J.: 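Below you'll find the structure I mean.
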Amino acid sequence: MKRRALLATVLLVWSGTAGAAEVPGRTADERAINGASLKLNMLTSPFHTKALEREIPIFEKATGIGLGDLIEVGILQIQAKAMAEAVAKSGSFDFWVGDPISLPDTAEAGLARPIDEFAARGLPDVDDVVGGFAEQGRYKGKTYGLFADGDNFILVLRKDWLEKPDERQKFHAKYGWGPGCPDTYEQWAQLAEFFTRDFDGDGVPDFYGAMAYRARSWGWRWWLQRFYAKGGMPFDDAMRPLVVGKEGVEALRDYIALTRYMPKDILGWATPQAYPFYAAGHAFSIMTYPSIALAAEHPEKSTVRGKNAYCLVPGYIVSGKLVRRSIQGFGNIFYVSSYGKHAEAAYWLIQWLTSKEVSARLVTYTDSVFDPFMKSHRSDPRVIRSRTKEMVETHLRNAQVSPPLILLQGAVEYDDALDLNIQEALLGRISAEEALNRTATAWERITDQVGRTAQIEAWKALRRAFPTKNVPD
Amino acid sequence: MAGIRLAGLTKAFGASRAVDGVSLDIPDGEFVVLVGPSGCGKTTTLNMIAGLEAPTAGDVYIGGERVTDREPRDRQLGMVFQSLALFPHMSVFDNIAFPLRIRKTPPAEVRARVEAVAETVRVAPLLGKRPATLSGGEAQRVALARTIVMRPRAFLMDEPLSSLDARLRVEMRTELKRLHATLRATFLYVTHDQAEAMTMADRIVVMQYGVVQQVGPPLAIYADPVNHFVAGFFGVPPMNFVAGAFAADAGRLAFRAAGVTIVLDRPAEAVTAHDAVLGVRPEHVRLRDGTGGWTATVSLLEPLGDETIVFLDYGGATSIVATVDPDEKIAVGDRRRFMFDQDKLLFFDGTTGERILR
Amino acid sequence: MPAARRAALSWLEREQVFKWLPFVPVQALLVFLLLPFVLLVYLSLVSWRITRGVWWHAPFVGAANFAGAVQDERFVWAVIRTFGFAAAAVPLELGLGFGLALLCRERFRGRRFYTTLFLLPMMIVPAVVGYDLSMLLIDQGPLNQILSLLAGRPVTVRWISDYRMAKAAIVGADVWQWTSLVFLIVLSGFAGLPPDPIRAARAMGASRWQIFRYVELPLLKPVLAIALVLRSMEALKIFDYPVLLTEGGPGNSTETIAVYLWRVGWDFTRVSDAAAMSLILMVVVVMYTVIAIHILRRERRQLAEEAAR
Amino acid sequence: MKRRWLVAFVRHAILLAWTAVTLIPVYWMLNTSFKHSGEWVTWPPHWFPEQPTLENYAQVLTPGSTIFELGRQTLKVLKPLWDSLFTATASALVAVALGSALAYSWARFGTGGKNYPYSVLTIRMLPPIVIAVPFLVYYVSLHLLDTYAGLILVYIATSLPYVIWMMLAFIEDVPSELESAARVMGASRFRVLSSVVLPLTVSGLVATFLFVFILNWSELLLALTLTNTQVSTIPITLNKFQSVNEGRDYGPQAAIGAIATLPVVALGFLIQKHLVKGFSFGLLRK
């Protein structure tokens, strides 16, 4: 299996150039691909390093293209570091792993390099990528990166609690359904309410009904997902913000209301606190990145291994019909830098990393955060072993209703304005309406600063990437 | 060994002149004391000689050589500072050895010379100590040793005794004189203490406001001051001054002040000044019984043992001070008559302070 | 010594040459720093963001960026907030540092133990402090556990998720780390107090408190002034703690100037706006500097007078 | 007698309380550095590692990857440790040398005018983020980006104001008569500096060195902006240690923290004698 993949890879790489006998080629890239050894530098967050460190040497053995220097920065500093390189043009890295959100800015800044010409020759395995994901590497009609990490949200419940007969009976008696995977956010709230427990009666719950992220820089995505499920759209055709409508306000109120069943400290938590908390069995449900499965099913570190039910992300009933939306929580793309010295070699490496076989291996490593994103991952035994079949199935079904993030120039700023105001509302410092009003004002300013006409064009293109399906097959 | 000559030495700080055209010739081997009140420019003069400050105008010659533009280290002068300036981070030995080591003297010679000098100034037992542990007199000797050891062409001393107590100061004066006699080097000694100047100097240079007022041997300066300032600066207790005016008295010159009139053996035309100040040293004031002179009340007595200082209220603005024999029967409140030794009287111009009627 | 070398040396020895020797490299360095500053001014006058071509082609917009910055509430609040943090942290550091130094000034058993330990925090990298606190401050973490133990009932302070407490956490981090520096400065100040005035005051029958209040405290004022200026300068630059502990949240409760400018410049790519804000900040800082200099200079003068006496 | 006992009691009570405040975070760092990943964040917290381990230290100190040998050090702390030591030491040394020379010149000759040290102080007041963007552009054109020289230069510049200020007070404490004496005795101006001024200000120099060393050792923002692959300091490295299951790699981070604290603490203890003297800023006459 491995040997065949290797062979396929080598052939794939070789096919990119004409003769391959005695290291011919006009440029360093060509010669490198043709057999010379070449070291590529990479910018990444440490979340990906360990998997890539294992895989890239295999590529190097086959092609002579290996990993040189590694620039690692915290996951929230990737954008800053990429922008610094856009200014510096130093060529200190050839490719990088980053969030789709930074695509518009890095593309506009000239850092992300269009890879269409390479892709036309290399024919990456994009057809196998689950719908919606592939779009995330594209901006204004060009492809800038290859998708590597299907990071849309998933809801995890504690199966063992759901299966307790007396709990089932009591729950059903109270709410008239289930309990089980919720279809709507209301149902999730009911589950959260019901399963929140205060064993010692000190007024502080010991078992929390729900968890999701509410911290600064993270929490906005959970709101945006609700907003989309309400049928909301961020902008109209003229890029006027639409967040202030009924959808937005209701989504925000629900978003705030559910926080009641979460640990009090949730506003300060991100993955470092949330995953171990859930894996230690302190919460009934958590809606988060699919990598939660790696923590929850971890053979040694988890106390809830095998006790988890993986659910489709709930939705809202919009004009009588259920709409589910599962937003891209972070997601990662391999980008090629315009300023690196070996763009083509870098492209071949990322194509190899995002091929069916190699991506399946990347997804399998429990110490990195590559999540399944290919149709073939669904049946890959290695992927299933690391995450459970149920999880992979559910995750990829969720992806069918995955709308894009606001992938426009200034994305990080749009998101930050939204994030800040949502949190202010969550803190009770301003009302939901006020929060969204302020967001709209900020968004208008950002749009004007970036240039409305250009943004309208980009937005229209982006809007086509929204899912048409309301409920996954 | 060398003499020092200053030619029109001037130092200006902005508009004010700390030292104003000082010219002075100090022959080799002379002990000259530069004296004056604080702020008179004497330390600045010394610093210019040492090269620590650059003169605004004028020149310094050492041993006939013009050194005005030379760095201090090229002038080969020994200097003792007011604070003594012992290096607190070095032992006494290292302090004394410092000037030798700078000249890259071989260690054996350093040791020999330091020990020899230490013997001379009697600090040999202290060589291992730190300056902070020394007494005032010891520190003084170490500072001297450090200067002597470098065999300078001349010694500059900037109030070196001011930090000592009265007794030690007197002892050190003698010692310095003896040292001068041994070394036969040029000493330029700065002080504000007239007693030091009087006791030690071959010649005294009196400075005020950056200007040399008078140069001369101690006794000459004492007896024959050129102006009111110099006259008042020397002598303990200081000279009595009585402000008054000249007038003609039957063709002779007379000095009149409140309560005092003195008819001088001079023609009335001898001076043109009207306002004048009479100066008379306390030892030239005589108390007497009977008639003659003027009457005064004894207001205060300061017995010093060898003599007694008497303050006499005679009706003038200030008291007249007289020194009398300690055996003299006198008490506060006594009414006594007093007179001046006529031939010791000094007169100064009331406006300029210059000596008149010399 | 060869004559040429001797001549060169004596040329260097001349006061007019010698006194400028260190200025040459320092001024060179300052000029080296000045050029990016000129670039900063240029960038503030044009409209450039990283996503918009090269900076030397950006259109000139005059004061527009400055007007925008002044109207940017987040910026204004970040400035106010940062000064607020400094205003809260610095007096605490001064008070604590002073109090601890007061307790440690005399010799007693264990003094060396305490003084050595109290210096520890300033030797730790602030980024480490940030991470360390993110473990300590979670609501069921060690700190609340200790507080509960002390209070005898469950205490759950939401250090990093409550709007106010997060500010307190940032101030607390600063205080924890830098009280040690103030402690050291004041302790040295006590060690350097001249003994005579104190002896004189005791001879005049002053009580311990009076000696402290009327003799030691005034003598220590210059030292406290230094500590004050030093700490307020550093406190205006808080970056590591919020970045590693709260990401500026919750809300924008811990978004300091440095954090916000980092976002505007790098994350939002609005370099020109960031440049304008930087320059405005500079004006604020220069005003602050003038006040600080005034304090320092007054203390120095006072000191000179005391020394003269 | 009773009163004295009470005073001692109160004193020790307060000091012990602050000792606890000081030590708990430090202890927690050490505690975490010996814990397995499962114990880093627990409810309730573990005050002692259940099964103490050195794996965190091993992880950050072992060069190379455990599975595939890439022939280079990744995610490791040795190179950043060296880089931090080198940049912080070099910049502190140069800054102390230059700054104290400047302070000397200003104190003795008033070079640069009355306000010079005050205006230099302004440099330090600006948050480094202010110069980060233009500096990047500048450094790229000078080829100083991602070099030791580049980082050291900017650290020298930002430490200078403190050096000048701390040393100024110190130098003013050296009586100028000592220098005059040495000069008259034949010392050159340079010899005066080395034989008189330097030994008398050594405590100040040492304390100043430690202070700016700590500042540069800990600096995150400029290092993050101005380095990529060739230079990497400890604060940047801390940022790197993040893992998937646990998010932040608290254990290795704590290990790095402990390792990063050690040289400074060692330095601090070595020069403790000078510290208390040094930090008086020479403001009070002895």
Side-chain angles (χ1 to χ4, degrees), chain A residues 74 76-77 79-84 86-87 89 102 104-111 200 202-204 214-219 263-270 272-273 277 282 409-410 412-417 419-430 438 442 445-446 449-451, chain C residues 47-55 64-65 68 71-74 127 131 134-135 137-141 144 148 153-166 169 242-255 259-260 262-273:
Chain A
L76 292 176
Q77 274 91 51
Q79 160 91 356
K81 201 68 194 170
M83 281 304 150
V87 173
K89 303 179 175 52
S102 53
D105 283 346
T106 48
E108 295 282 354
L111 177 68
D200 54 11
D202 60 359
V204 180
R214 293 292 185 267
R216 186 84 167 88
S217 299
W218 301 94
K264 286 284 176 287
D265 226 19
I266 200 85
L267 269 77
W269 287 12
Q273 294 84 8
F277 194 80
H282 296 295
Q409 190 184 338
V412 179
E413 193 175 2
Y414 283 116
D415 296 337
D416 186 74
D419 182 44
L420 174 61
N421 289 306
I422 284 178
Q423 233 195 11
E424 293 275 300
L426 185 55
L427 289 161
R429 293 169 51 81
I430 50 177
R438 288 188 189 180
R445 183 189 52 72
I446 298 165
Q449 271 198 338
V450 173
Chain C
S47 171
W48 184 61
R49 47 199 300 159
I50 303 173
T51 52
R52 199 175 283 160
V54 286
W55 55 270
N65 295 326
Q71 285 158 14
D72 182 350
E73 271 186 49
R74 255 176 100 176
Y131 279 118
S134 76
M135 285 185 280
L137 295 181
I138 43 182
D139 69 349
Q140 297 185 49
N144 280 339
S148 306
R153 61 186 171 80
V155 177
T156 345
V157 182
R158 289 156 53 202
W159 291 107
I160 45 179
S161 57
D162 182 82
Y163 196 81
R164 280 189 195 81
M165 293 323 289
V243 161
L244 298 172
L245 197 57
T246 59
E247 296 285 348
N252 54 7
S253 59
T254 57
E255 190 172 73
V259 172
Y260 185 58
W262 174 273
R263 282 191 167 134
V264 174
W266 292 132
D267 289 343
F268 305 164
T269 76
R270 287 157 48 200
V271 170
S272 285
D273 287 341

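Not measured: the values here are computed from a predicted model. Here is how names work: the chains are called A, B, and so on, in the same order as the sequence lines, proteins then strands, and each is numbered from 1.
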J.: Sub-3.5 Å donor-acceptor pair from the side chain of C:E247 to the main-chain atoms of A:S217, do we have one?
T.: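 A pair under 3.5 Å: no.
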
J.: Output the option from A:Q423, A:E413, A:Q79 having the highest count of non-hydrogen pairs under 4.5 Å with chain C.
T.: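 Highest number of heavy-atom pairs under 4.5 Å: A:E413.
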
J.: Distance check, rounded to the nearest 0.5 Å: A:L111 atom CG versus C:T51 atom OG1?
T.: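 Reported value, rounded in 0.5 Å steps: 12.0 Å.
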
J.: Drop me the distance from A:L267's CG to C:T246's OG1, to the nearest 0.5 angstrom.
T.: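 Here the interatomic distance stands at 11.5 Å.
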
J.: A:Q77 vs C:W262, test: side-chain contact (heavy atoms from CB on, under 4.5 Å). Steps then yes/no.
T.: CA-CA 10 Å; A:Q77 274 91 51; C:W262 174 273; 4.3 Å; yes

J.: By salt bridge (charged side-chain N to carboxylate O under 4.0 Å, His left out), which residues pair with A:R214, not counting sequence neighbours?
T.: none

J.: Salt bridge check, C:R74 against A:D416: does any charged N sit closer than 4.0 Å to a carboxylate O?
T.: yes

J.: Nearest 0.5 Å, what's the CZ-OH distance between A:R429 and C:Y163?
T.: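 Answer rounded to 0.5 Å: 3.0 Å.
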
J.: For chain A, find which of C:G265, C:G248, C:G251 contributes the most heavy-atom pairs closer than 4.5 angstrom.
T.: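 Highest number of pairs under 4.5 Å: C:G251.
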
J.: Is a side-chain donor or acceptor of C:R158 paired with a backbone partner of A:D265 at a separation under 3.5 angstrom?
T.: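 Side chain of C:R158 to backbone of A:D265: no pair is present.
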
J.: Under the side-chain contact (heavy atoms from CB on, under 4.5 Å) criterion, do C:W266 and A:V87 qualify, and how do the steps go?
T.: CA-CA 10 Å; C:W266 292 132; A:V87 173; 4.1 Å; yes

J.: Picking from A:Q409, A:K89, A:K81, which has the most non-hydrogen pairs under 4.5 angstrom with chain C?
T.: A:Q409

J.: Just how far is it from atom OG1 of A:T106 to atom CD1 of C:I50, taken to the nearest 0.5 Å?
T.: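 If I round to the nearest 0.5 Å, the distance is 11.0 Å.
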
J.: Below 4.5 Å from any heavy atom of chain A, which atoms of C:R270 appear? Answer side chain, backbone, both or neither.
T.: side chain

J.: Among C:V264, C:L137, C:D267, which has the most heavy-atom pairs under 4.5 Å with chain A?
T.: C:D267

J.: Which residue out of C:S253, C:S47, C:P154, C:P250 racks up the most heavy-atom pairs below 4.5 Å with chain A?
T.: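 Among the listed options, the one with the most contacts to chain A is C:P250.
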
J.: Check the pair A:R216, C:E255 against salt bridge (Lys or Arg N to Asp or Glu O under 4.0 Å), reporting the backbone distance first and the verdict last.
T.: CA-CA 11 Å; A:R216 186 84 167 88; C:E255 190 172 73; 3.5 Å; yes

J.: Looking just at side-chain N and O atoms, do C:T269 and A:D105 make a donor-acceptor pair shorter than 3.5 Å?
T.: no

J.: Please determine, among A:G451, A:G410, A:A84, A:G219, the option with the most heavy-atom pairs under 4.5 Å with chain C.
T.: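 Among A:G451, A:G410, A:A84, A:G219, the one with the most close pairs to chain C is A:A84.
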
J.: Between C:R49 and A:E108, is there a salt bridge with N-O shorter than 4.0 Å?
T.: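 Here A:E108 does not pair with C:R49 in a salt bridge, since their nearest N and O are not under 4.0 Å apart.
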
J.: Testing the 3.5 Å rule here: is there a donor-acceptor pair between the side chains of A:Q449 and C:D273?
T.: yes

